[in-house]
Amino acid sequence: MEILKIKSNAFDEGGWIPIEYTARGADISPDFKISGIVPNAKSIAITLDDASHPIFPNYNHWMIWNITVQSVIQEGIAHGKYVDSLGATQGIAYGRNKYKGPKPPLKSIHTYVFTIYILDCTLDLAANCRKRDFINNADGHILQQAILSGKFQSRRE
């Protein structure tokens, strides 16, 4: 099986996430370039988690699922329960049916993880479902997954 790889023009793996992709800036989702998608893929899902949250480990900021299979996902995914341009549904998560980027406490450095899931189906989930609902329903349907992580510090000097 081919290895799934993701990249972004916004930042490199492990690098600093620019402020425009955070809740301290314009709060737009970054772009993703996906390579190695298996031929039997039926949909794509993306989650964003704060891997450094001190109280809630891997705190979910955002998720979107049922994205039409494609190798490039443009930045600035639209808000709303449904994103017609992607054939997708957004989960409630922290973003309330919209992307909600990094926003750690001032001066704190947090690591954020974008996970791309390649699924063999689309999922019948309510637009207000939580990440645990997504994971439970995706179990057994995830063909591939890959991560892109970055760090952010509010008011970094």
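- Considering all non-hydrogen atoms of both residues, Ser43 and Asn66 come closest at CB-CA, 4.0 Å.
- Residues Pro105 and His110 are in side-chain contact: their nearest non-hydrogen atoms beyond the backbone lie under 4.5 Å apart.
- Residues Ile64 and Thr89 form no side-chain contact, since every pair of their non-hydrogen atoms from C-beta on lies 4.5 Å or further apart.
- You'll find the side chain of Val72 stays beyond 4.5 Å of the side chain of Asp31, heavy atoms only.
- Taking the six-membered ring for Trp and the full ring otherwise, Tyr21 and Phe11 have centroids separated by 6.0 Å or more.
- What you find for Gln144 and Ile37 is that their closest heavy atoms are OE1-CA, 3.6 Å.
- Test Asn60, Asn58, Thr111 against Asp49 for side chain to side chain donor-acceptor pair (under 3.5 Å) and you get one pass: Asn60.
- Using a 30° and 60° split on the angle between ring planes, Tyr99 and Phe114 fall in the parallel class, below 30°.
- Aromatic ring orientation, Tyr59 versus His61: perpendicular (interplanar angle above 60°, classes split at 30° and 60°).
- Residue pairs meeting the ring-ring contact (aromatic ring centres under 6.0 Å, His included) criterion with at least one partner in residues 66-93, sequence neighbours excluded, are absent.
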- [ ] Would you please test Asp50 and Phe56 for side-chain contact (heavy atoms from CB on, under 4.5 Å) and show each step?
- [x] CA-CA 9 Å; Asp50 180 349; Phe56 304 107; over 6 Å; no
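- Defined by atom type and a distance below 3.5 Å, a donor-acceptor pair is missing between the side-chain atoms of Ser108 and Gln153.
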